[in-house]
Amino acid sequence: MNPDTEIFNRLYVRYRSNFIAIARSYVEDTAVAEDIVTDSFVSWWLRRNTLPENTDPRRYVVGTIKKQCLEHLRSRQIQTCLLYTSDAA
């Protein structure tokens with residue numbers, strides 16, 4: 001296994017459950033929370049070499065998780081509004 005892949009996997013396994021708990025506190029759907037956590041973690045991993053040296057990976061990922069959860073909730077709210085608008089027409 002590639003050393004980078006091994007490091008990624010160890011970090012992902014170490015923090016995954018805590019990150020999912022954070023995401024679930026926003027979205028309440030485990031599958032959505034898991035997707036958001038995976039996307040957020042991958043986002044950090046792909047950007048890790050371009051971020052400032054003092055960037056705390058956990059803070060970065062948690063910040064990304066929160067942003068993606070809020071984005072998900074906004075999107076869901078818009079879809080709900082559109083659904084009600086089209087039903088009323």
Side-chain angles (χ1 to χ4, degrees):
M1 184 183 295
N2 177 331
D4 276 353
T5 303
E6 192 173 314
I7 292 168
F8 176 88
N9 288 338
R10 272 192 282 139
L11 290 171
Y12 185 74
V13 167
R14 180 176 182 185
Y15 295 111
R16 182 178 184 268
S17 61
N18 290 336
F19 290 161
I20 289 172
I22 292 167
R24 284 201 67 228
S25 72
Y26 286 88
V27 298
E28 298 178 353
D29 181 322
T30 301
V32 171
E34 289 173 349
D35 288 345
I36 287 172
V37 167
T38 300
D39 292 347
S40 299
F41 205 85
V42 169
S43 171
W44 164 73
W45 186 256
L46 295 174
R47 291 181 173 92
R48 73 190 187 286
N49 293 323
T50 61
L51 297 171
E53 275 186 44
N54 62 346
T55 300
D56 179 351
R58 289 172 296 180
R59 282 186 153 189
Y60 181 91
V61 174
V62 168
T64 304
I65 288 168
K66 288 178 180 180
K67 288 176 191 170
Q68 286 194 16
C69 285
L70 294 174
E71 207 172 287
H72 171 77
L73 293 171
R74 271 192 293 274
S75 173
R76 204 171 81 193
Q77 185 178 27
I78 290 169
Q79 288 173 349
T80 302
C81 287
L82 291 174
L83 180 64
Y84 285 127
T85 302
S86 68
D87 284 348

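Here the structure is a predicted model, which means the values were calculated and not measured. Hydrogens, waters and symmetry mates play no part in the numbers below; they use all other heavy atoms, side chains included.
Checked for salt-bridge contact, D4 and R48 meet the test: a charged N lies under 4.0 Å from a carboxylate O.
When each of Q68, K66, K67 is checked for a side chain to side chain contact (heavy atoms under 4.5 Å, CB included) with T64, only Q68 meets the rule.
Once rounded to the nearest 0.5 Å, the distance linking CG of L73 with CD of E28 reads 8.5 Å. With rounding to the nearest 0.5 angstrom, the NE2 atom of H72 is 6.5 Å from the CG atom of D29. The CZ atom of R58 sits 10.0 Å away from the CG atom of L11 when rounded to the nearest 0.5 Å.
Among pairs with a residue in residues 30-47, those fulfilling side chain to side chain donor-acceptor pair (under 3.5 Å) read Y12-T38, R24-T30, S43-R47, at least two apart in sequence or across chains.
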Run F8 and N2 through side-chain contact (heavy atoms from CB on, under 4.5 Å) and show every step you take.
CA-CA 10 Å; F8 176 88; N2 177 331; over 6 Å; no
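Among all heavy-atom pairs drawn from A33 and A23, the shortest one is CB-CB, 3.6 Å. Of all heavy-atom pairs spanning V27 and I36, the tightest one is CG1-CD1, 4.2 Å.
With contacts defined as side-chain heavy-atom distances shorter than 4.5 Å, the pair E6/N9 does not qualify. Under the 4.5 Å side-chain criterion, counting only non-hydrogen atoms from C-beta, S17 is not in contact with I20. Residues V61 and Y15 are not in side-chain contact: their nearest non-hydrogen atoms beyond the backbone lie 4.5 Å or more apart.
Taking hydrophobic clusters as Ile, Leu, Val, Met, Phe, Trp and Tyr residues chained together by side-chain heavy-atom distances below 4.5 Å, F19 shares a cluster with L46.
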